[in-house]
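As structure tokens, the structure follows; a few thoughts come after it.
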Amino acid sequence: MKRQLPLILVFVFGTLMVIQYFVPHENSETVKGFLLDWIVIIGIFALALGLWSLVQVSVAKINSRKENWEYPLVTLASLVMMMFFGFTAITEGASLWSYFLAITVFLIALWMFLQGFMGQAANRNMKLLSGLGLLIVFSLLAIFDSSWEFKFYTAEGLTNQMFVHFFDYIMIPLQATMFALLAFFITSASYRAFRARNLLATLLLIAALIVMLRFTPGPWGEYLAKTSAWVMNVPNLAAQRAIVIGIGLGIVATALKVILGIERGYMGKG
Amino acid sequence: MRSYLEKMKASRVLLLVLVCSLLLVSFSTSLLAQTDSDTDTPADSIPAIAAPAQVTDLKAFDTDNDHGHSITIEWTLSADDGAGAKSVISYEIMRWEPFVRDSVMAARDSLGWVQARINKFEKEIPLAEESLDEVLTGQPFLDSLSFLVAYDEKDTSFVLTSEYVDKTLRDTIAAMKRDLPVLKVRAPLLPARFDSLLILLPKEYGKYPDATIGRFDSVGTAVSGVTSHENSSAVDSRSPGFIPDFIDYYYRIDVQTSDPNIRTTSEIVGPVQSSGQWFNSGLVPVLIAILVFTILTMIFVQLAKKGMDLYVRPLAGIEAVDEAIGRATEMGRPILYVLGLGSAADIATIASFTILGRVAKKVAEYQTELNVPCYDPIVMAVAQEVVKSAFIDAGRPEAYKDDIVHFITNSQFAYVGAVNGIIMRDLPATNVYMGKFFAESLILAETGAVAGSIQIAGTDEIPQIPFFFVACDYTLIGEELFAASAYLGREPELLGSLKAQDYAKAVLLASAIIGILLINIFPEYGETFKSWFEVID
Amino acid sequence: METVSIWIAAILTLGIFSFLYKDNPLYKACEALFVGVSAAYWAIVFYFDNIYKKFYEGAVTAEEPDYFLWIGAILGLLFLTRLIPNIGWVSRWPMALIVGATAGLWMVGYFVSNAMNQIGNTISNIIVRDAATGFIAWGETFGTLVILVGVLSGLVYFFFSKEHKGVFGATAKVGTWFLMVTFGASFGYTVMSRMSLLIGRVDFLLGDWLHILR
């Protein structure tokens, strides 16, 4: 039951989708649409599981007091703050001080709770109680402070100025810079590649050089541009096609093994 | 110029001038005449374009292999399209519509508007109440009222008091509130009522060609030289221009010229109905291929179970896995396993789960540390199951902890940043990257190389393979990733399916060679053969 | 506010770049911040896009509620049973749905696009004739031959159950040459675009932050 039923479900849904591929009728499209919608919805529920894992691991690291234990504090605080921004709307023109006060109280309350639930056995109840007290303070702030309010049913949090600022000036620069690191890494990777000395590495090197220098100006430029176009359109295309066919067969074979229950490594035992 | 004129006799020059002015006069009069004719008497105009020949062989039929709601129209070009008078600009596809269709569709389209008004109305009732309160308690209003009261006392027929305002307006608002629920219940039912009206339409369509209840309307145009058109709509009955299935349609084609008034109408074809199909006959070659592949796999799996000797050539990347785990154990450093950015719905990730299972089992046996940071929460959940089972299999269930497999974030570069941190801080002896990878592949692999870890990678993302190839010690290229699970487990079932995969590859290879020979020697057969492979979804 | 924000963005940018020198506290802080903010950001966006817009508005508040969506929500809740040790195995049902349905979905789709269509594309005339003159275009004919050899030898490389020996081994070896050329070309092709990413960040630091550029 624990293990058989899931495998039967895999077989049923897998076969259903395979058949669906051959049926152009609109009912078949509806079935596919629903299955895909369900998958999306399950994914969101799973996200809660993911966030819980992130919180759990972070708290464990902090409590271990091993090297670098301070940084998960930053992760937790920024996680909670950003979530808070996303679910609240600030009244236009209102001062942000009481908003920040509320966030601070909320953060401390949450921390007390987390410590109470996951911390050491000693004074757990103390922590839970103080967390509860702070949560009451926070609730009072939420009810009586008119400068901000919770919005769970309208996406006003997405336009909350703090949410937008965190996105524009924290997430975007970090993301772009992380991506930009690639410029350095591709340079060091090139060095690594070009140092290798054998026939295969040399082939790779020559092809890379030709394509890399395709924009070179001057008398060699035109020749290099033409050669690089040939490399891209002929040998590159040929090998890409071979890889693509291989991947296609690999995917078909793996999917078939999954549907037939031959491959079940993805499903736990227990 | 001067010398030229000098050479000519004066009489000739005169003649030239005369001819020129004559031409000018006649040209301008003809221009005038033409503008007159446009406005007054078309019959007198010079017939610029003759009516083009009509299209022939007009056919209308249900579009094949589709989800319905579509009719294909085919015709033979007008004799004046690209030939003859060459006067054809385009073809207008005309479909017979009962008048009532327009009204029903228009009325139904306006329902959205009605609904929006009701919503607005609902929102405005509290506003009205609020402003009424404000008005009645507001000093400006009370002041003006007292003035009015004083004034009205002279005219005893009508006295405006705040009580009066209060009562009448409150009654009105109360009435609005009372009616609102009724409106709110009834209005949403209207679209369904109209949808049922649309179902009555077929009866009207059936009355063709009664000109009193319908007419031909344009449903599209095709430029000259085109001989077919697909008249189709979306599946949703609320979409614009929706074409219901199982309704009689009639079509004709109007040949259009540059003059909008000159067009030739074709004969009318019909009735024709659209419907969806339950099997896409264009996919027969795919169905056959998939069935053959499935049967092949099942046969080889059975053979393998019975003990058939299955040779697989060595793959360096796979053989390195054991060695790498051993190395980690010796060095007392952890093993990092990255499943990539794929979701549990990606086959590459599923293949990676199996590899993770084998790695985790070895790790448990060798009592090494394992770290699996995840990008996707479902992948995390599945990976936890996989690792847990592997630890149980290895007989060390007590060594399993849920934080071996943990979620980081589902933001590509934040995830990479965190994994980079793990690589630089924990200095894993071995990094395994298996699954779907994108731009982050090189960041991870280079950081790992700098940290001195042994790195084994495998992905089906072709653009990333080169980066792994350059920065990692071993790379599984494309299909090798999917074969890896069979290699690692050495289970006969998996090896059997690998054999089937090779046979499929051989069949494809042979098909390519046969196809190329055919197309070069017997082009006609070759094209047919090729078309079996060019199916589109 | 704006100036403070740009300073924060600049410090974070430098913090990530500092990783190139070595792992350091600033990078660690940036990384921790990035993880927290991004996890929350996507959680919020997914919540409003899916739980709220797709599910709540589609199945709860809609005029004609889509009751099928409730099944999705129930499956989602079943997935959360992982948190409860004794009934955690129930979470395999939604997992089975995801894996099964997508395996079926990909199986035929990939077979058509990756295997059949690619073979269809490979089947072509080897001898290319110049469209205008009708003479054999030697350059292009050579190209089609090379493509043919590349595809076939590349495929041979991917055979797993046959030893790479003799003619078969030699063909597979030619296949690896083609693979190397592809890897090199693909690598070379990406270098420039990666450089432009760096230029973008430097532009931010020198322009928006320090106002040296512009």
Side-chain angles (χ1 to χ4, degrees), chain A residues 2 6 9-10 13-14 17-18 21 34-35 37-42 44-47 71 74-75 78-79 82-83 86 155 166 169-171 173-174 177-180 182-184 186 200 203-204 207-208 211-212 231-232 234-236 238-242 244-246 248 251-252 255 258-259, chain C residues 5 8-9 12-13 16 20 28 32-37 39-40 44 46 48 50-51 68 72 75-76 79 89 92 94 96-98 100-101 103-108 110-111 114-115 118 143 146-147 150-151 154-155 158 178-185 187-189 191 194-195 197-198 201:
Chain A
K2 284 184 186 176
L9 284 177
V10 168
F13 284 114
M17 286 306 249
V18 170
Y21 191 90
F34 270 119
L35 281 176
D37 275 353
W38 292 351
I39 291 175
V40 169
I41 293 174
I42 298 171
I44 305 305
F45 279 89
L47 189 56
Y71 299 101
V74 179
T75 305
S78 55
L79 176 79
M82 193 69 174
M83 295 276 262
F166 263 54
Y169 295 102
I170 292 183
M171 211 173 132
L174 283 170
T177 315
M178 207 69 216
F179 201 4
L182 267 175
F184 296 98
I186 207 164
L200 295 182
L203 274 173
L204 190 143
V211 177
M212 222 185 278
V231 169
M232 290 306 287
V234 179
N236 172 53
Q240 292 256 1
R241 202 173 269 170
V244 164
I245 294 173
I251 287 182
V252 178
V258 166
I259 294 172
Chain C
S5 305
I8 292 174
L12 296 179
T13 304
I16 295 289
L20 291 167
K28 287 177 199 168
L33 180 68
F34 195 6
V35 168
V37 170
I44 294 285
F46 285 153
F48 283 119
N50 293 304
I51 290 285
F68 273 110
L75 288 168
F79 199 76
W89 50 272
R92 286 183 200 150
L97 170 103
I98 295 178
L105 183 71
W106 295 139
M107 190 174 135
V108 199
Y110 269 99
F111 188 72
N114 279 39
Q118 296 300 329
V146 172
I147 291 181
V151 173
L155 270 179
F158 284 112
F178 273 92
L179 289 179
M180 288 309 126
V181 172
T182 294
F183 294 161
F187 192 100
Y189 199 78
V191 171
R194 297 299 183 246
M195 292 300 158
L197 295 169
L198 177 61
R201 286 329 283 164

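Numbers restart at 1 for each chain; the letters A, B, ... are given by sequence-line order, proteins then strands.
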| query | Side chain, backbone, both or neither: which part of C/F46 has a heavy atom under 4.5 Å from chain A? | reply | both
| message | Please determine whether side chain to side chain contact (heavy atoms under 4.5 Å, CB included) holds for the pair C/L155 and A/R241, giving the CA-CA distance in whole Å, both sets of side-chain angles, and the decisive distance to 0.1 Å. | response | CA-CA 9 Å; C/L155 270 179; A/R241 202 173 269 170; over 6 Å; no
| said: Using only atom types and a distance under 3.5 Å, with no angle test, would you say the side chain of C/N50 pairs donor to acceptor with the backbone of A/I41? | reply: no
| Under a 4.5 Å heavy-atom cut-off, does chain A meet the side chain of C/L20, its backbone, both or neither? | side chain
| request: Count the heavy-atom pairs under 4.5 Å between each of A/M83, A/M178, A/Q240 and chain C, then report the option with the highest count. | output: A/M83
| message | Measuring centre to centre across the rings, with the benzene-like ring taken for any Trp, is A/F34 within less than 6.0 Å of C/F68? | response | yes
| message | Is A/V40 close to chain C through its backbone or its side chain, or both, or neither, when contacts mean heavy atoms under 4.5 Å? | response | side chain
| said: So, applying side-chain contact (heavy atoms from CB on, under 4.5 Å) with A/I39, which one of C/I98, C/L105, C/L75 is it? | reply: C/I98
| field | chain C interface, residue from A/G246, A/A46, A/A239 that has the most non-hydrogen pairs under 4.5 Å | value | A/A239
| task | Let me know if C/F48 has heavy atoms under 4.5 Å from chain A in its side chain, its backbone, both or neither. | result | side chain
| Contact leader toward chain C among A/V258, A/L35, A/I251, where contacts are heavy-atom pairs under 4.5 Å | A/I251
| task | Describe, in one word, how the ring planes of C/Y110 and C/W106 are oriented to each other, choosing from parallel (under 30°), tilted (30 to 60°) and perpendicular (over 60°). | result | perpendicular
| request: Kindly determine whether C/F178 and C/V146 satisfy side chain to side chain contact (heavy atoms under 4.5 Å, CB included), including the steps that lead there. | output: CA-CA 10 Å; C/F178 273 92; C/V146 172; 3.8 Å; yes
| query | Using a cut-off of under 4.5 Å for heavy-atom pairs, which of A/I44, A/L79, A/L174, A/I170 has the most such pairs with chain C? | reply | A/L174
| Looking at CD1 of C/I51 and CG of A/L47, how far apart are the two atoms once the value is rounded to the nearest 0.5 Å? | 9.5 Å
| When C/A101, C/G154, C/P94 are compared by non-hydrogen pairs under 4.5 Å with chain A, the top option | C/A101
| task | Decide side chain to side chain contact (heavy atoms under 4.5 Å, CB included) for C/V181 and A/V231; before the verdict, give the C-alpha distance in whole Å, the side-chain angles of both, and the deciding distance to 0.1 Å. | result | CA-CA 8 Å; C/V181 172; A/V231 169; 4.0 Å; yes
| query | When only pairs under 4.5 Å are counted, which of A/F179, A/F13, A/F166 shares the most heavy-atom pairs with chain C? | reply | A/F13
| remark: Most heavy-atom pairs under 4.5 Å with chain A, out of C/A39, C/A40, C/G150, belong to C/A40
| request: For each of A/I42, A/L182, A/V18, A/L9, tally heavy-atom pairs with chain C at distances under 4.5 Å, and name the one with the top tally. | output: A/I42
